[in-house]
Protein chains: 4
Amino acid sequence: MPTNRTKREDILDSALKLFAERGFDATTIPMIAGDARVGAGTIYRYFENKEVLVNTLFQHYVQAFKGMLEEEYPQESSSREQFHHLFQRMVQFTNEHAHALYFIKTHNGAYFLNESSRKQFSCLWKILRDFLDKGKERGEIRELPSLALIAIIFGGFLELEQLIRSEELEASRDLLHGVEESCWDAVRHHH
Amino acid sequence: MPTNRTKREDILDSALKLFAERGFDATTIPMIAGDARVGAGTIYRYFENKEVLVNTLFQHYVQAFKGMLEEEYPQESSSREQFHHLFQRMVQFTNEHAHALYFIKTHNGAYFLNESSRKQFSCLWKILRDFLDKGKERGEIRELPSLALIAIIFGGFLELEQLIRSEELEASRDLLHGVEESCWDAVRHHH
Amino acid sequence: MPTNRTKREDILDSALKLFAERGFDATTIPMIAGDARVGAGTIYRYFENKEVLVNTLFQHYVQAFKGMLEEEYPQESSSREQFHHLFQRMVQFTNEHAHALYFIKTHNGAYFLNESSRKQFSCLWKILRDFLDKGKERGEIRELPSLALIAIIFGGFLELEQLIRSEELEASRDLLHGVEESCWDAVRHHH
Amino acid sequence: MPTNRTKREDILDSALKLFAERGFDATTIPMIAGDARVGAGTIYRYFENKEVLVNTLFQHYVQAFKGMLEEEYPQESSSREQFHHLFQRMVQFTNEHAHALYFIKTHNGAYFLNESSRKQFSCLWKILRDFLDKGKERGEIRELPSLALIAIIFGGFLELEQLIRSEELEASRDLLHGVEESCWDAVRHHH
DNA sequence: CATGAATGAGGGTTCATTCAT
DNA sequence: AATGAATGAACCCTCATTCAT
């Protein structure tokens, strides 16, 4: 419980960016320290070691993302409306935390994630699975393994995010709408 | 002019598997040597260094995949048929080279890939882009950035592959058919 | 002119205990600060650095021990009586400063002791040497290098102290008497 | 099981010398590597880490010393003769392995010694304890805690060794004989 | 005065790479 | 050609020391 919240968050921000850009193993503690403009030793005042840092980061953003997806979730609406809610929240979350979703996706399943991180992650998956499973029951979502459907949604969305950040595309309303529609068509049941 | 094709390929096979499973940075040369049942020094007879090895591997499988996609490509058929061709070849390629596509996807864009690898990769993308662009002209593919559509296709497919390899799912004909249909619905133009 | 004698002595007490228990190199400044219930920085108000601290401590207890040995030393008595005096003072000193003699013995000769510490220590040795040398002249002490005899005395005594502190033995009058007798027999001249 | 026994033993020799001279914590791996004229990394081909190195060393010399004490031990002789045997073997062992006994004595009980090392060490102590206990039964050894007696013997002997190595004394037959006599008088029963 | 957050030099350790065999 | 022992640069991490509060 450090009094200087800024420094701790500088470290987390730099770590998030570098882990997302280069991956955990290719990111050194000196790199993070340099980017966060702190001494290398300072990182160890806030995080026991590199693995604790990456797990903290992972769990933090999984939690934050989960919270954002669940907030005001339209429990009683149609699958389409629920999907819209989820997709919009993904967009919002990405706007607020630039590298977070990409970091989560690329580091999920890695050897250095602890039990707690894995558990939290499967919690996140569960939200999406529940949405899909309920939609399948209702006949609004196609009969395919939920994991595969989730991959399609995330895959498309994250690739979009990369293109926007690298300025190959502009984040227009039309574009976001189009990708949402595409992903929805991938998961919805067609008659 | 490799005198011993087997040993070089043993190394490449082991490297592919380990890079796909653990990532480039978490895979050590002794690990590869051990898996390939050669001495660590032997790897340096065939590859100048670790980065050359990973670039060789990357380019090799990008080329092979490109070749497989292009072979007997139904230039004159409908987008749906072309899509079917591409999807079938992805399945076939994955069957023949277990970790290759996953390796390519997870290592694409990494800091250690050289210009040549990046170029080859964009060549691969071009095949898919051309297919999508032509389909868009014809009004058979939806008007969305091709890169985003490609991500959806790959994302869904690779996730499927993981689930099958981890034996969470069985590779039934129905399943493959369903994922193909889902991906197609994501990219095709809906009236 | 220390304004706060208590805090400085808290630090010295904690340092003595920890140096004796773990050794100089395995004892960290934060450990000492924690044990003394002061901030780590506070230690540097009283001691320029860790080496100054250990040298201060070393010299302090060497001086104190020397003082105790010399006080009321029976200059004119027999070697046996002089020995008894010295042995009793060792017992008394140990009772008053639990870890001090063990600290001195284990840190004597260490690389971080400065010239002054070494000099003071040899001063301490001198007292014992003078006693032994005079005893040899008188024919009451055996003809052996004084250093070896001192080692026997200290060795036996300190081992005894350890056993008592670890509660493997109880500090009975008989026990102390027995060890004194044993050490005396080691150094005295036998006819 | 390295083929190059010399290099492994160079490392052990250097480590023994430096641990004895400076202690475990003050001895760095680069110091050992430099003294042994090997690269720092080479040490890790032979020893998993620094603690394994020190435990290996400790156990090796405890075993060797134990073997030397036990070999041709005069089980049926008087305590005096048994003591002579033990003392002579200490001398011989020290001649053959310069720093070994001092290293054992100063590192015994340290926090980095593992269970196996402690067990082996107590085995060594047992030999001396058995000798002393049997002597007490016979009335040839004085009634004092064996540990205290052992300390006297070792203390005197090791101090002697130091003096000889630092060339403050010469290892004459008379000197060794005198110290043996002194130690014997410390432990034997006087009527 | 007292503190403890911050620092960075230096330790233990790993591993890409070399080279004698 | 093939090996794996040897190396040392560079990693993660600790801790003596400083300094703003």
Side-chain angles (χ1 to χ4, degrees), chain A residues 2-4 6-8 11 25-34 36-53, chain B residues 2-4 7-8 11 24-34 36-53, chain C residues 2-4 7-8 11 24-34 36-53, chain D residues 2-4 6-8 11 25-34 36-53:
Chain A
T3 55
N4 191 338
T6 304
K7 198 147 289 197
R8 185 175 191 272
I11 293 166
D25 291 296
T27 302
T28 70
I29 292 288
M31 276 180 202
I32 298 170
R37 293 163 186 276
V38 300
T42 303
I43 291 176
Y44 292 88
R45 288 201 77 63
Y46 296 101
F47 306 97
E48 207 179 323
N49 56 46
K50 200 185 171 190
E51 298 212 349
V52 167
L53 171 57
Chain B
T3 55
N4 189 338
K7 198 150 286 198
R8 186 176 189 273
I11 293 166
F24 174 76
D25 291 292
T27 301
T28 69
I29 292 287
M31 275 180 202
I32 298 169
R37 294 163 186 278
V38 301
T42 304
I43 291 178
Y44 288 84
R45 293 217 141 273
Y46 296 101
F47 307 96
E48 204 180 324
N49 56 45
K50 199 184 172 188
E51 297 212 350
V52 167
L53 170 58
Chain C
T3 57
N4 190 337
K7 198 150 287 198
R8 185 176 190 273
I11 293 166
F24 175 77
D25 291 293
T27 301
T28 69
I29 293 287
M31 274 180 202
I32 298 169
R37 294 164 185 277
V38 300
T42 304
I43 291 176
Y44 287 85
R45 293 219 140 272
Y46 296 100
F47 306 96
E48 204 180 325
N49 56 46
K50 199 184 172 189
E51 298 212 348
V52 167
L53 170 57
Chain D
T3 55
N4 190 338
T6 303
K7 198 148 289 197
R8 185 177 190 272
I11 293 166
D25 291 296
T27 302
T28 70
I29 293 288
M31 274 179 201
I32 298 169
R37 294 163 185 276
V38 300
T42 303
I43 291 176
Y44 291 87
R45 289 202 76 65
Y46 296 100
F47 306 96
E48 207 179 323
N49 55 46
K50 199 185 172 189
E51 297 211 350
V52 167
L53 170 56

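Given the structure is predicted, the values throughout are model-derived calculations rather than measurements. In the text below, chain A, chain B and the rest are named by the order of the sequence lines, each starting its count at 1.
At whole-Å resolution of the value, CZ in D:Phe47 and C1' in F:dA5 are 15 Å apart. In this structure, the CZ atom of B:Arg37 is 20 Å from the C1' atom of F:dA1, given to the nearest Å. Atom CG in D:Leu53 sits roughly 16 Å away from atom P in E:dG11 (whole-Å rounding). Rounded to a whole Å, the CZ atom of B:Arg8 is 16 Å from the C1' atom of F:dA1.
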In 5'-to-3' order, the base (B), backbone-only (S) or no-contact (-) status of each nucleotide in nucleotides 15-21 of chain F, using a 4.0 angstrom heavy-atom cut-off, is SSBB---
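Across every non-hydrogen atom of D:Asn49 and D:Tyr44, the tightest pair is CA-CE2, 3.8 Å. Scanning both residues, B:Lys50 and B:Ile29, for their nearest heavy atoms gives CG-CD1, 3.9 Å.
Remark: A:Lys7 is not positioned above the aromatic ring of A:Tyr46, lacking an NZ or CZ atom under 6.0 angstrom from the ring centre and at most 45 degrees off the axis.
How far OG1 of A:Thr42 is from CZ of A:Arg8: 14.0 Å, rounded to the nearest 0.5 Å. The distance from the CD1 atom of B:Ile43 to the CZ atom of B:Arg45 is 13.0 Å, given to the nearest 0.5 Å.
Across all strands shown, E:dC15 forms a Watson-Crick or G-U wobble pair with F:dG8, both key distances being under 3.5 Å.
In this structure, C:Tyr46 reaches the E:dA2 phosphate: one of its side-chain N or O atoms is under 4.0 Å from OP1 or OP2.
Each of B:Ile43 and D:Ile43 was matched to the nucleotide of DNA chain F holding its nearest heavy atom; the match closer to the 5' end belongs to B:Ile43.
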